[in-house]
Structures are given as structure tokens and as C-alpha cells.
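Please read the structure below before turning to the comments.
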Amino acid sequence: MSNLNKRKIKVIKSIDELFKLIDINDFTNISFHHHLRNGDGVINYVLDKYLREGVNNLNLFPSSIFPSYTKILELIKNEQVNNITTNYLNGPVAEYISNNGLPGMLTMQTHGGRARATIEGINEIDITFIAAPYANIYGDAIGYLGKNRCGSLGYIIPDSKHAKLKVLVTDNLVKDYLENPEINGENIDYILEVDSIGDKSGIVSGTTQITTNPIGVKIAKNTSRLLFELGLIKPGFSFQSGAGGVSLRATKDLKDIMIKENIKASFFSGGITKYHVEMLEMGLVEKLYDVQCFDLEAVDSLSKNINHIPISASDYANPNNPNQVIKDLDMVILGATEIDYNFNVNVTTDSHQTLIGGSGGHSDTATESKVSVIVSPLIKGRIPVIKERVTTITTLGKNIDCFVTERGIAINPLRTDLLELLKDSKLKIYTIKELSEIAHKYTKVPKESLKRDKIIGEVVDRTFEVIDNIYQK
Amino acid sequence: MKTTAGSLESSDCLITISDSDALDIKIESVVFKQFGDDILEVITNTLKEHKIDKLKVLCQDKGALDYTIKSRLETAILRRGENNE
């Protein structure tokens, strides 16, 4: 293979130069990926231009919003932003929107739903700015090489094909041929060459460590025992876990079971950490399907382990993509800020109605996997995790199967098959109301007073169904 | 003279007590909306048990359970007693 038939892409050297070629006022629906997480430099660099030019009625489509994305807040305060569509947000932008709303709406999609909406034209994106750690002059790009390598570029691949204009932003432009690029240069309109796309050390979040907190350790132990008793840990099984400390601890416990019982898994999917990579390198799992790297060890694994495979958000979780990886998931372990009597889960807002996150792949994987497990302490800072009704529904209860705490486990009554399998179990199985009463014995019953006056946003499931509203604090 | 017990760690509270001519209870809590009345009740009852009716109490709460609040308050009262001897 060679670059013989490839078209060279026009290289420009600054955002000012780009908007001499095209009229900035024609490009008000703007998308970005968040693979550099809190180390991203492209979002602020690009949006600073929109600030300086005073372009109004912007609609932003970042795949997520992190605390360092300060130009978004400046644009909002400057009344230049109309709507924001994203999958996850925390930090100052989230706090500001919780208190003030937007002139338009905050739309919270899932990772799979975002891919679907972008491909199907629901998310009408005028221009996408793709931070590319390693790109060639033909517009092909990968994320796992270069000085600011961030790993998989999965979330932006739909945008790289379906936005009206696609701009690759790179600090590492080469002439070499790239095998199996994540971003295909055929789709790229411009390459914007900059000094720096950010700081790769910003991708590491504080939470991606195995917990040693005794409550977390107990929850993880209950979880791995539950999965084992349900017969899910068997040769060829597939698995996904979040990157929270308890989920990672449960993954480690699973690993111990796999070694003891000599069981090998087929694949792990989702956000990948060094712990998943270690299991790949030990031969405990055949493949990692990676839509996002949570640490630098995972990033570097992509360039050396052939069975660690970066995938697009559509191949990961788009419900209309017949090849979506998660439809073959046996089990997923996920977190919760709140869960309610109907097993609805909230990871979007806290109990004080402040936006603190969002679905990411929560609803996608809970819906598709054969068994979805929520792990959480029963009580967090005196607030019982179980509510009569969650503050905000992120994932519908019909898609949640098990809820595991340090004091016991609740199984969704819809899953009579799981309850049957567990009827002789020594695990402490309660109804979710019984678990709630256990919590209240310690905390007493909290007085709830949620504001439900002004709708500032909506939670849109991967089905495109609006499953809940988000209210101003 | 001020006496303290506890901490500002999550799920704990910091109790600060000092002299006063009357009962003066102030609560700052991250869960005030949900549990403010419960916190006041446990402090009031604990003071009654110790037959104290003149004291300034500041409870800076980070989501402590009732028995934590009670034991922090009792510890502060005992420490104050020791210091007064």
C-alpha cells in the first residue's frame, strides 16, 4: 500500500487563516471530541476565535465537557451559545448551566445515541474540529501516536464522515503512509497545523485507580461473587466495566476468579485502562474494543498490542449499526449517583440538582448487555443512594438488572430468571425497598425538595426517546 | 474558650463549643435541606442528656450519621470539662 492515489489536503497554519477561506458565520454548529479530556487544547483555541468574532447563535456538539473547557463558559456568559448537545459534562460549565440554563436547551445524548444522531442527520454539524495527535498530509489520522497521543478517537469518527466541513487539527504532521487510520483522509477538508493540541497528561483522571476503601472492596467482592453465581464467568464471556474505583476493583476480583478457574474471556469493550491491558497481555482476554483510553498505559498499548483495537462510537454502541460491539456483551458493571424503586439510574445530576456527569455509554451498555450491574455504596455522605424516584433518569429501570451495595443486593423483579438462579444463594438478596429501609435506619428519611419549575434540558436515550427533563436548580 | 471534636472529612462533622449565656446552636451542613431538623434534634437531645442549657455549639457537618454527631458532641463536652478542671 502507498499514498500514490491519495489527495493532499490543504494545510493551514492558524484558525484566523481558516476563517479567511470560509465565512465563520456559516459555521455555527460546531463539534469536538473529548479524547484529550482535561488536557484538550483545541476546543479553547477554536472557540476563542468565535469569542473574538462575536459570532452568535452557536450550537455546540462536544462529545463531553471537562472543567478545562473554559471558553465554552465564556461564550455562554457572553450570550453567544444557544444549545449544547453532549454526552457528559462536569465542572464550571455544568455548574453554570445547572443554575442558569441556556437560551436554548441542553440535550444529553448517549455515546451510541450521539453517533446515531450524527450519522442520521439529527445532529446537524456544520464544522468539526478533530484534535489529531498523529496525522499525515493526506488527512489520515490516528490517536495513539504523537507527542500528545490520547488513544482511540472513537467518538469523533461519525463527525469525521458526516459534518459538513471537517478540519483536522494536529501538532504532529507527517508525510508517511498510515495503515488502518482511524480518521480517513478522504473525508477531510482542511488540516490545521498548530504548535500544540493540548497536554496528554490531562487524560488521566483521579478516579481510575482500584479502590482500597473497605466499603468499595466489599461491593466489588459482592459483585464478582454475584456474576460467578449467575454463571456468567465462563469461557468466552464478554465484559465491560466503568473506570470508577469500585468497578475496577470488581474487574480485579474477576481476574482472580478467571486465573483460579482457568477461564479466558473473548472481549472487553468501552473505556480501557491499564488494568484491562494487563489482562490482555496476560492472555486472560482475547480482544479489547477501545472507544476511549483512560490512561497513558492504555494509549501505548494500542500501538503495540494488535488485539487492542480502536473502534468508532458507531461500531461501539449505535443501536442502528448491526455491528455494534456491545450487542454481544454478557455483562456490564456501571455506577450510580442515585437509583430508584423502579431501578431507574441517575448519573447525570447529583441529589442537589447540579449536573455532574451524564450517560456516556451507561444507557447504551445497560440496554444491550445480557446482565447490567449497578455498583454503589448504599449511603454517600448521609444521602441514601436509593430514592423513591431519581432526580434525573439517565438509564431506564427496565434496562437495569442488579444493584449491588456493601450491605446487600437487589435484583430487578422483571428478571425472574436471575432471581431463580439465585434462590439458594448465600448472598444477601433484598428487594430494592428493603435495601432502602436498611439505609434509612442509618440516615433517617431525607426531606426531598426538588425544584421542577424551569426545564433547562432533556435526557435523550439512544432510541431518541426523551426519557427525562433536567430542571434549573 | 473553644473546644472542638471531629473533622471536616466526608461523613464526619466538626463540633466547636464555647461559653454562652444561653443555648446557641448553629448548623452548617452539606445535607441541611435533607437532614437539618434531624441534626438539630440529635444535638438538642444530647445536650439535654448532659443537662447543659448554656452553650454555644457550631456543627459543621459533611454528612455525618446521627451517632457520629452525638459522639463528636459528647467528646467536645468531655474535653471542655477536662480543660475546665
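Reminder, nothing fancy here: chain letters follow the sequence lines and each chain counts from 1. Predicted, not measured: the structure shown is a model, and the values here were computed from it. Because only heavy atoms are used, hydrogens play no part in the values below, and waters and symmetry mates are left out as well, while side chains stay in.
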Choice from A:Glu448, A:Lys444, A:His352, A:Lys380 maximising heavy atom contacts with chain B below 4.5 Å: A:Lys444

Shortest non-hydrogen contact from A:Gly381 toward B:Ser10: CA-OG, 4.4 Å

Residue pair A:Tyr442 / B:Leu65: nearest heavy atoms and the distance that separates them: O-CD2, 3.5 Å

Take atom [atom1] of [X] as the centre, draw a 6.0 Å sphere, and report whether it contains more than 12 heavy atoms from other residues, nucleotides or ligands.
{"X": "A:Lys473", "atom1": "NZ", "answer": "yes"}
{"X": "B:Glu9", "atom1": "CD", "answer": "no"}
{"X": "B:Lys56", "atom1": "NZ", "answer": "no"}
{"X": "A:Lys433", "atom1": "NZ", "answer": "no"}

Verdict with supporting geometry, A:Arg382 and B:Ile69, side chain to side chain contact (heavy atoms under 4.5 Å, CB included): CA-CA 12 Å; A:Arg382 195 167 181 164; B:Ile69 299 168; 3.8 Å; yes

4.5 Å side-chain heavy-atom contact, B:Asp38 and A:Lys447: yes

Point-to-point distance, once rounded to the nearest 0.5 Å, from NZ of B:Lys33 to CD1 of A:Ile383: 9.0 Å

